Amino acid sequence: MRVRLSAESVHNELVHRIEEYSGQDLMACYQCGKCAAGCPVAFAMDMLPSQVIRFAQLGLVDRLLDSKTIWLCAACQACYTRCPKGFDLSRIMEALREIVMYEKGSHINYDAIPPEEIMEWPQQAFIGGFRKYTV
């Protein structure tokens, strides 16, 4: 894969939206990899959490929006607690999900989900929603 870097690609509109939605400075991450090493769901992701940040830093946000990784993040904060820079990756993942839902529309019809299925959802789903709407 060939990547062309330019000021326009690194500082594009989607990168600015990610930083604005998340409140995080993407360039604060220096790729130590501790987030990926501590992620409990990294085994199921199509790109590691540290790769998500690197793609965003390079302005390759379009590739992130098609990734299943942003939907698998459990917002457990393991990455945040391990990060020597205090970078909150779960906020980046949430910002990416918000951008996808804004750009492509929500892909989940909550009204179609039977209540008994919702009772089986992991508690983390509710905690992630709580964090999203109370910050």
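Note that the structure is predicted; figures quoted are calculated from it, not measured. If you read the sequence from its start, that first residue is 1, and numbering goes on from there.
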Checklist entry - Same hydrophobic cluster for Val41 and Tyr80, using side-chain heavy-atom links shorter than 4.5 Å among ILVMFWY? => result no
Checklist entry - What pair of heavy atoms forms the shortest contact from Cys35 to Cys79, and how long is it? => result CB-CB, 3.5 Å
Checklist entry - Regarding Ser90 and Gln77, is there a side-chain donor-to-acceptor distance under 3.5 Å anywhere? => result yes
Checklist outcome for this item: Note: Lys85 and Ala28 closest approach over all heavy atoms is CE-O, 3.3 Å
Checklist entry - Under a 4.5 Å cut-off applied to non-hydrogen side-chain atoms, are Val100 and Leu64 in contact? => result no
Checklist outcome for this item: dist Tyr30:OH -> Cys83:SG (nearest 0.5 Å) comes out at 7.0 Å
Next on the checklist: Can you give me the closest heavy-atom contact between Val61 and Ala56, atom names plus distance?
Outcome noted: CG2-CA, 4.5 Å
Checklist entry - At their closest point, which heavy atom of Gly59 faces which heavy atom of Val15, and how far apart are they? => result CA-CG2, 3.8 Å
Checklist entry - Can Glu20 and Arg17 be said to form a salt bridge (Lys or Arg N to Asp or Glu O under 4.0 Å), step by step? => result CA-CA 5 Å; Glu20 180 184 341; Arg17 282 176 55 194; over 6 Å; no
Checklist entry - Which value, rounded to the nearest 0.5 Å, describes the distance between Leu65 atom CG and Leu60 atom CG? => result 11.0 Å
Next on the checklist: To the nearest 0.5 Å, what is the distance between CG on Asp46 and CH2 on Trp71?
Outcome noted: 13.0 Å
Checklist entry - CZ/Arg97 to SG/Cys73 distance, rounded to the nearest 0.5 angstrom? => result 5.5 Å
Next on the checklist: Could you walk me through whether Gln51 and Arg54 satisfy the side-chain hydrogen bond (donor to acceptor under 3.5 Å, both in side chains) test, starting with their C-alpha distance in whole Å, then the side-chain angles of each, then the deciding distance to 0.1 Å, before giving a yes or no?
Outcome noted: CA-CA 5 Å; Gln51 291 172 315; Arg54 179 58 82 201; over 6 Å; no
Item to check | Shared hydrophobic cluster for Leu48 and Met45 (ILVMFWY, side-chain gaps under 4.5 Å) | outcome: no
Item to check | Least distance between heavy atoms, Ile99 atom then Tyr21 atom | outcome: CG1-CE2, 3.6 Å
Next on the checklist: Is any side-chain heavy atom of Phe87 closer than 4.5 Å to one of Asp25?
Outcome noted: no
Checklist entry - Quick one: are Ile92 and Ile70 in side-chain contact, heavy atoms under 4.5 Å? => result no
Checklist entry - Looking only at heavy atoms, which two atoms of Ala42 and Ala36 are closest? And how far apart? => result CB-O, 4.0 Å
Checklist entry - So, do Met93 and Leu72 sit near enough that their side-chain heavy atoms are less than 4.5 Å apart? => result no
Item to check | Worked verdict on Thr69 versus Leu96 for side chain to side chain contact (heavy atoms under 4.5 Å, CB included) | outcome: CA-CA 10 Å; Thr69 293; Leu96 288 165; over 6 Å; no
Item to check | Glu19 and Gln24, any side-chain heavy atoms less than 4.5 Å apart | outcome: no
Next on the checklist: Can you tell me how far apart CG (Leu58) and CD1 (Ile53) are? Round to the nearest 0.5 Å.
Outcome noted: 11.5 Å
Next on the checklist: When you compare the side chain of Lys34 with that of Pro84, does any pair of heavy atoms fall below 4.5 Å?
Outcome noted: yes
Checklist entry - Is it true that a side-chain atom of Lys68 and a backbone atom of Met47 form a donor plus acceptor pair closer than 3.5 Å? => result no
